[in-house]
Amino acid sequence: MSNIEEKLCKLISFKTDNNKDEIAKIVSYIANIFDRHNVVYEVIKNNDGRENIVALVGGKSFRNLDDAILLSGHLDVVGAIDEMFEPKVQNGKVFGRGSVDMKGFIAVVLASIDELKQLNKPIVLAFSSDEETSVNGVKSILKFFDENKIKFVGGIVGEPTNFKIGLANRGYLCARFNIKGKAVHSSVNKNGINAVEIMAKLWQKIFELNDSFYDNGATLNVGKIKCNNEVNVVADRGDFLFEIRYDGEHKKDIILQSILRQREKLEDEYKGLEIKYEKMLEILSFKNDGKSDFAKKIIEKTNGDIRNLPYATEAGFYQNYGIDVVLFGAGLDELCHTKNEAILLSDLDKYKDVLLKILTD
């Protein structure tokens, strides 16, 4: 069993699907690797106690670090059946939750520590705990960077891009509408305010916007619908989640304001109706023009195949902080979050070679 295979199988075995205890276990496993290699590291906790880990290869202190290179990944995965946390190796592939998204990348980095040391440059490894849920981990990591006054030349977020260079990804907004109407008997329903009717009118607006923007870089969806009454009672309570995936902050603002105007219109039309808007999660969009020295170097040292990614990542947070990052990883992103999630070991070996080539002057 190769070093990468061994580490990936171990990483997959931690059931890090928003499980705080399993996150702590995987952080402890990684910390032990850093200890064995005499690598400086810090475990950083979010407000909810969830752990992230940051390490420095090629240096002795994070304080006032200059000209560092960032390698970033996330430790958490989306939920799956227990069997998917029992890694299987078949036909040169490692099957299991997180093999592609994105424990394969982390396994490569952990298996490359000795080679990274030989580069004699400060390389910061940042592994966050909750990219799939709240993205508080990357915010805690950036706070740590700021407190230690770390400056970066650039960075790589190792999301699966199948060896293409990701210079953009969509942002993501998840929000909730909570509706408070007026309950009455269904035989006199005109005397009430039906939360289901109000939800339907909001859905209609959201789906209209999806049709308008689908071919223009944005999608909208509705899900997780709740209602509190039987069929013979006008429902006075209801709520639902909706999401906007977008390729620019300005576009997101236009879409969201249109939805919120529909809320205001309904509240004006139905006296006594209350519609509460609540933002649940937001992940920033990301776009790199590819003209910086760091980005051009990566493009030159790879096949130069550039793509924009339809999903959200932590890259926008790093860019907003001022780090010149690109997305670059092994694996097929269409396998992420699926029951067939798997990655070729040969691709991980190839990725290690390419990554070291990029980082070598």
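All figures in this text were calculated on a predicted structure; none of them were measured in a lab. Computed over heavy atoms, backbone and side chain alike; hydrogens, waters and symmetry mates excluded.
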Among side-chain atoms of [X] and [Y], is any donor-acceptor pair under 3.5 angstrom?
X: H185; Y: N232; result: no
X: E243; Y: Y172; result: yes
X: S129; Y: D76; result: no
X: S285; Y: Y246; result: no
X: E197; Y: Y270; result: yes
X: S128; Y: K139; result: no

How about K10: does its NZ atom have over 12 heavy atoms from other parts shown lying under 6.0 Å from it? no
Min side-chain heavy-atom separation [X]-[Y] under 4.5 Å:
X: N52; Y: V43; value: no
X: L71; Y: V124; value: no
X: D268; Y: K265; value: no

Applying salt bridge (charged side-chain N to carboxylate O under 4.0 Å, His left out) as the test, list every pair that has at least one member in [range]; sequence neighbours left out.
range: residues 59-68; answer: none
range: residues 287-304; answer: K297-D361
range: residues 15-40; answer: K15-D17, K15-D82, E22-K25

Under the salt bridge (Lys or Arg N to Asp or Glu O under 4.0 Å) rule, collect the residues that match up with K180, sequence neighbours excluded. none
For D247, what residues pass the salt bridge (Lys or Arg N to Asp or Glu O under 4.0 Å) criterion, not counting sequence neighbours? K251
Take V325 and F286, measure what side chain to side chain contact (heavy atoms under 4.5 Å, CB included) needs, and give me the verdict at the end. CA-CA 9 Å; V325 295; F286 162 69; 3.8 Å; yes
Return the set of residues passing side chain to side chain contact (heavy atoms under 4.5 Å, CB included) with S292 (not counting sequence neighbours), or none when no residue passes. F294, A295, D324
Under 3.5 Å, sequence neighbours excluded: what are the donor-acceptor pairs made by side chains of residues 204-218?
| residue | atom | partner | partner atom | Å |
| --- | --- | --- | --- | --- |
| N210 | OD1 | L220 | N | 2.9 |
| S212 | OG | E208 | O | 3.1 |

Is a side-chain N or O of [X] found less than 3.5 angstrom from the main chain of [Y], in a donor-acceptor match?
X: T16; Y: I23; value: no
X: K45; Y: R50; value: no
X: N194; Y: V196; value: yes
X: D239; Y: K226; value: no
X: S28; Y: A24; value: no

Output side-chain donor-acceptor pairs under 3.5 Å for residues 330-353, partner residues at least two apart or in another chain, one line each.
| residue | atom | partner | partner atom | Å |
| --- | --- | --- | --- | --- |
| D333 | OD2 | R307 | NH1 | 2.6 |
| D333 | OD2 | R307 | NH2 | 3.4 |
| H337 | NE2 | D101 | OD2 | 3.0 |
| H337 | NE2 | E132 | OE2 | 3.3 |
| T338 | OG1 | L335 | O | 2.7 |
| T338 | OG1 | N340 | N | 3.4 |
| T338 | OG1 | E341 | N | 3.4 |
| E341 | OE1 | R97 | NH1 | 2.7 |
| E341 | OE1 | G98 | N | 3.2 |
| E341 | OE2 | G98 | N | 3.2 |
| E341 | OE2 | S99 | N | 3.4 |
| E341 | OE2 | V100 | N | 3.1 |
| E341 | OE2 | D101 | N | 3.1 |
| Y351 | OH | F328 | O | 2.8 |
| K352 | NZ | A111 | O | 3.4 |
| K352 | NZ | E115 | OE2 | 2.9 |

How would you list, by chain and number, every residue that makes a ring-ring contact (aromatic ring centres under 6.0 Å, His included) with [X], sequence neighbours excluded?
X: Y41; result: F34
X: Y29; result: F14
X: F317; result: none

Could you list the donor-acceptor pairs under 3.5 angstrom formed by side chains in residues 140-151, with sequence neighbours left out?
| residue | atom | partner | partner atom | Å |
| --- | --- | --- | --- | --- |
| S140 | OG | N46 | OD1 | 2.7 |
| S140 | OG | N136 | O | 3.2 |
| N148 | ND2 | F144 | O | 3.0 |

Would you call K252 and E282 a salt bridge, using N to O less than 4.0 angstrom? yes
